[in-house]
Amino acid sequence: MKRQKRDRFQRAYVHGYKAGITGRSRDDCPSQDVNLREYWMSGWREGRGDQWAGMTGVSGIHKNPMVM
């Protein structure tokens, strides 16, 4: 049975969110592709916002994009 490939854009968003929630710099974006970078930055912005709002650790588990 074939496994379905994951959406590249969703993966970029999730990786950006993880980078933002851990406080990494936005310059750490690994992609040079404009579309992937856009999704990564969108996730990073939301992750930084959640970090500033104090939604890290157990208090932010409901915001984890991997759970959605």
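The first residue of the sequence shown is numbered 1, and numbering continues consecutively from there. Computation of the quantities below employed the complete heavy-atom set of this structure, encompassing side-chain atoms and omitting hydrogens, waters and symmetry-equivalent molecules.
- The two residues Ala12 and Tyr39 make their nearest non-hydrogen contact at CB-CB, 4.2 Å.
- For the atom pair His15 NE2 and Asp28 CG, the distance stands at 13.5 Å (nearest 0.5 Å).
- The OH atom of Tyr13 lies 11.0 Å from the CZ atom of Arg45; values are rounded to the nearest 0.5 Å.
- Arg37 and Cys29 make their closest contact through NH1-CB, 3.1 Å (heavy atoms, listed as atom of the first residue, atom of the second, distance).
- Put simply, CD1 on Ile21 and CD on Glu46 are 9.0 Å apart, with the number rounded to the nearest 0.5 Å.
- Looking only at side-chain heavy atoms (C-beta outward), Trp40 and Pro30 come within less than 4.5 Å of each other.
- Atom CZ of Arg8 is separated from atom CG of Asn35 by 8.5 Å, given to the nearest 0.5 angstrom.
- From Glu38, atom CD reaches atom OG of Ser31 across 11.5 Å, with rounding to the nearest 0.5 Å.
- A distance of 10.0 Å separates CZ of Arg26 from CZ of Arg48, quoted to the nearest 0.5 Å.
- Shown here for Trp44 and Ala19, the closest heavy-atom pair between the two residues is CD1-C, 4.0 Å.
- Every residue two or more places apart in sequence or in another chain that forms a side chain to side chain contact (heavy atoms under 4.5 Å, CB included) with Asp7 is listed here: Phe9, Gln10.
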